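Contents: one structure, followed by commentary.
Naming convention: chains lettered A, B, ... in sequence-line order (proteins, then strands); numbering from 1 in each chain. Not measured: the values here are computed from a predicted model.
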Protein chains: 4
Amino acid sequence: MSSTWGNKIKLTVYGESHSRAIGGVIDNLPPGLDVDPDEITFELKRRATGSSALATARKESDIPEILSGVVDGKTTGTPLAFVIYNSDQHSQDYDNLKTTARPGHADYTGFVRYNGFNDYRGGGHFSGRLTAPIVFAGAIAKTALKKKGIYTVSRIKSIADIEDTEFDISSLSETEANELKKKIIPTIDESAAQKMESRVLKLKSELDSAGGIIECAIINMPEGCGNPIFDAFESRLSSLIFSVPAVKGLEFGKGFDITKMRGSEANDPFYTDGERVMTKTNNNGGILGGITSGMPIVFRCAVKPTASISREQDTVNFREMKNEKLVVKGRHDACIAVRAVSVIDAAAALCAFDFLCESNVFGG
Amino acid sequence: MSSTWGNKIKLTVYGESHSRAIGGVIDNLPPGLDVDPDEITFELKRRATGSSALATARKESDIPEILSGVVDGKTTGTPLAFVIYNSDQHSQDYDNLKTTARPGHADYTGFVRYNGFNDYRGGGHFSGRLTAPIVFAGAIAKTALKKKGIYTVSRIKSIADIEDTEFDISSLSETEANELKKKIIPTIDESAAQKMESRVLKLKSELDSAGGIIECAIINMPEGCGNPIFDAFESRLSSLIFSVPAVKGLEFGKGFDITKMRGSEANDPFYTDGERVMTKTNNNGGILGGITSGMPIVFRCAVKPTASISREQDTVNFREMKNEKLVVKGRHDACIAVRAVSVIDAAAALCAFDFLCESNVFGG
Amino acid sequence: MSSTWGNKIKLTVYGESHSRAIGGVIDNLPPGLDVDPDEITFELKRRATGSSALATARKESDIPEILSGVVDGKTTGTPLAFVIYNSDQHSQDYDNLKTTARPGHADYTGFVRYNGFNDYRGGGHFSGRLTAPIVFAGAIAKTALKKKGIYTVSRIKSIADIEDTEFDISSLSETEANELKKKIIPTIDESAAQKMESRVLKLKSELDSAGGIIECAIINMPEGCGNPIFDAFESRLSSLIFSVPAVKGLEFGKGFDITKMRGSEANDPFYTDGERVMTKTNNNGGILGGITSGMPIVFRCAVKPTASISREQDTVNFREMKNEKLVVKGRHDACIAVRAVSVIDAAAALCAFDFLCESNVFGG
Amino acid sequence: MSSTWGNKIKLTVYGESHSRAIGGVIDNLPPGLDVDPDEITFELKRRATGSSALATARKESDIPEILSGVVDGKTTGTPLAFVIYNSDQHSQDYDNLKTTARPGHADYTGFVRYNGFNDYRGGGHFSGRLTAPIVFAGAIAKTALKKKGIYTVSRIKSIADIEDTEFDISSLSETEANELKKKIIPTIDESAAQKMESRVLKLKSELDSAGGIIECAIINMPEGCGNPIFDAFESRLSSLIFSVPAVKGLEFGKGFDITKMRGSEANDPFYTDGERVMTKTNNNGGILGGITSGMPIVFRCAVKPTASISREQDTVNFREMKNEKLVVKGRHDACIAVRAVSVIDAAAALCAFDFLCESNVFGG
């Protein structure tokens, strides 16, 4: 199902960049959960445009209205629907996209998929704006997880070839994780963030863009969540992460680097303090056989450089089947990885929450 | 759902390493498809144990019996059920796994997930044997895809730090792809395969193991398959790929490396010969906005070193909550990436087939 | 999944009687379908309150706003979201429902199911208002079906013990079916409608209510839609019909009466004019083995008397676990079967449309 | 999905009347449940052919083999697969069905649905034999339910125009319910059963057949199971009941008769003994707003007369599109309602179990 995600918790999203609104419906939320407007506002603002020089000039207030499923600040257990009305649209910026494909974008594939009926304005349903409902749902999840001592932490691990310092982000406390959330470019090493910002601004001035790697951890996730085979923790989370536009890679624990290790190095030795089972290393990123081990879930994903760049590119007019040049108009981030941090972080929380709801951790 | 995968085509798998049998049910197959026993046998044999010095000594004949859904060599359109009876089991090799977790394995997480009732013998439902049903279903898919000129090609891209030569595998013809399938270590550069084999045997002699990277392409996949957001081609395929035991990473097109490129390099410029739309490069791996572009689908996945190694390791007796040493008994591959090639290849075919069935390409 | 229905077309609904809004999201609509505001308005109005002396005095304008998925009057293929804002709510009428269960209603079961957090005002998510999104989706479906010559027809077959005349409604033309839609109590025999109306008004004056039977047919439904076993046409439709509040029975073709027939009478003999296969009778209601036969789909459903009656009833204060008397306040229909006709009719159209979309009849 | 049913518990079935085997896979069973071979054998035998003069002469031993998911008589939590090999097939009896439709059967609709590739022998996948996997799964469910004091009771309420006595079957104790299960025609009034048997045998001698109504109750079902709207208890159960071949109607509580009652009669008044909430009557059949009320679930379903009768009937050769006469060969029950009792009973247990597993009543 294209627009609904989740096993126990079902998030349905809708909207186009230039439609009346975007939004979502979250079904099967346990009754009695707190819905914290501050958490929602904070997270949506992190994602929203206009928060820094790095981001597009499009101003979206992204203030959601809850339509159902909440009474007196608590979930009722019936579907929570929310809407975010669109505004500040410059539809005329996109007139040429009706016929001409932006390289790296879904204009052509969307045209084929929907027989030419899709809303091409601003990327339509393919727009990055459609990640706002994921962030909304993630905020609901985070509020619930917090009560169980579970939290997420995310950082920019690299932008272009600039790396943040080597660091185990799963060692951060909840307070430290929250501090990181406040940064525009959330890195451990402040100087790395500065270098990244300079690079992005330089690329922007060259009418170009940068990609990056986001690292995320889910901390205090209990053992025993997930399944063998088709509904592995990695499987369910990956289906969500690859839903985020521009993600081209995902790895857990040591990821691709684990292929260069010997088994005797890669295997995480178990040990116990008599009460819990833990592992000395966490090369498997907290998941064994598709099931959480009680160690932090750690993963990284690759976000490609923003496809919308303002320099002239070769492309095709797919309605007339002829070669053309295109200069993409509109307002765009020079490095979407920066804003994608909040989305990946939300996706991690939502997936953890979905598994925990399936285990009835929150009742309902 | 843990044991069923697919949107239009539903593959349900079952079985444990030491249960009476493993097998599967494939639902919603279009009626009238050819079921080719040679294709199935060839693919299952590629995956099966005992095919080389590299693999475990466990001899599994892996001969499937079709129970329903096929008449006169053609699918009826109703569920195709198949069974592969288990044999050559040495259950006593696994007695200690009832209490003691093999590092890197699901013994502990399975114990927690199933309250101690799971079948621990030989890894039970977590066993690599459970990939045989995926290979079976992939063989059905490949026979169907072939009729539309669509085929898969897969290679070992690296084992430990030994790399196959730089090469665009999507440039291989169907005949060349089939030749590659016959190799035990399918690389482009024969000498790389020899080095890999030596390395694996050396590690084996050291009671250790190796990981590797598998690269796969789906060639001649038509444009317009897939969806924005939650059912992106990457999302659906990733949920299947991460179901394969030991996979810790997945990337499409340039994958993690695309984060180091500029947008102007990463964007694949479109061009047309007046009939089709193509791209000059394929950094996006044949997918834009979750939808196939008509270019080859290209992806790589990371397979960790075999967790079962015969050297002593630190671990935990999780029933008595005390630290222990363990020497894993049983017969194991020193590099499961080698046999996983057939599984990844099957998964790619199955996913492509699922999307095409959804578009009614095969009728039914 | 509680709030999403459909196999190919996915309708997600949300809302409570006294929440900000009710509405829905329709996913997987084929691109390029006409969205006809007149059809939607007409059908919603049929369902809406206040259309006759028979209905509740609550005035709901029920004017939907489409938020996404439609451009220039045609579906884009991406989710169509719509919202109907609530108004004219008298929440204070329902204060006692927080603790006291209306007999025949879901106040108590909802309280248990949602641990006391559900929105009890006006029945909350259990309100009959939640059928408006089904009617909306049905209107979209009807516009599409019409293009293929497929239409639905529905009548009130009985109210209390007053029966409409014996008549084969599947013999009605599309024009005749449309005429029937305009009647407040749609019967074949006008005098039956008058008797029904008198009876309902009489019961209302006695602070009581009536039930009824609705009969519906889907005409020109092509053969070959549906599946054996779990996704039979009857199975999928029944899951939708029993979602409509107050429905307590459903039968296809001759239904319960077929059990009194001999096989030689019940079997519908096939015949052909050389081009099509038809049956001389239609005791099976157009479905054999879960699959449409090309004959009209005919079914009836039982709608219980409105549970909200204004006379004093015995009940329980479930928070304090003590017996109480209750007089239900608020404004209510004396016979909801009358307004349910539009909902059942919509459900039939939606189900037919879902099956046809699965067979790719509408492309996309 | 045609061949998989259930929300938490997933039952996948496969097989054709004359294929190698029929069987199923049950996924998501809680770990540690008892699997009782006696319960399974007893229930399968109730359903199996040859148990009485009333049933077909086809002898099916219907002995299932469990392939996976059970160790030491307890579920492991991973998929429980089972197979029932076919035998005693007289495939040649069915040669004419390749071209000629048995009235009342799915030969023609199956031909259309599967483009002529379906297995027509013995009804293929449409055969009543496919209910055996439902009975198998129901037996697993019953063993689990029993531990919670929950049980099902079913009777033949009528065959043709012969009615069993008026009786509230939900008043039967578990022992009495079990006694009823042992009868060939399970009625309350023994003399009714005798009349029914005579009638069926008479119809059989006239090369004709009879239908009947089955009544079933689920007793001690806890309150709070089910959902509003699309996943109402009635919706989920109805989708399963209408999967059983020959079922043409389903009603809950007073069913169609409730439409003739006044609201003041139909509403079940609540009362409490200070500990539990109950209702004085049970016209709603234990379900309010799609959610169980704690009262017994009561429903009835209509089973049409066996379509296979040995007298000559008018029909069509659908491959040559010409009218023909047909005498159905093969061995058939003269009243399948009798054997369907075990299937309906199993379906009720399976549905109750599915809802309870969703509420985590059995852990896992």
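Only the backbone of A:Val13 has a heavy atom closer than 4.5 Å to any heavy atom of chain C.
Listed by chain and number, the residues in a side-chain contact (heavy atoms from CB on, under 4.5 Å) with A:Pro64 are A:Ile40, A:Leu44, A:Ile84, A:Phe136 (sequence neighbours excluded).
No cation-pi contact links C:Lys148 to C:Phe353, judged by a cut-off of 6.0 Å to the six-membered ring centre and 45° from its axis.
Heavy-atom neighbours of chain C within the stretch residues 65-77 of chain A, taken at a separation under 4.5 angstrom, comprise A:Glu65, A:Ile66, A:Leu67, A:Ser68, A:Gly69, A:Val71, A:Lys74, A:Thr75, A:Thr76, A:Gly77.
For the residue pair C:Thr143 and C:Asp34, no side-chain donor N or O sits within less than 3.5 Å of a side-chain acceptor on the partner. Side-chain atoms of C:Ser243 and C:Trp5 form no donor-acceptor pair, as typed in the model, at a separation below 3.5 Å. A donor atom on one side chain and an acceptor atom on the other are found under 3.5 Å apart for A:Glu16 and C:Thr78.
Closest approach of A:Ile9 to A:Asn28, counting heavy atoms only: CD1-O, 3.3 Å.
Chain A forms the most heavy-atom pairs under 4.5 Å with one residue out of C:Gly124, C:Pro79, C:Gly110, and that residue is C:Pro79.
Checking side-chain atoms of A:Asp107 against main-chain N and O of A:Arg102 turns up a donor-acceptor pair under 3.5 Å.
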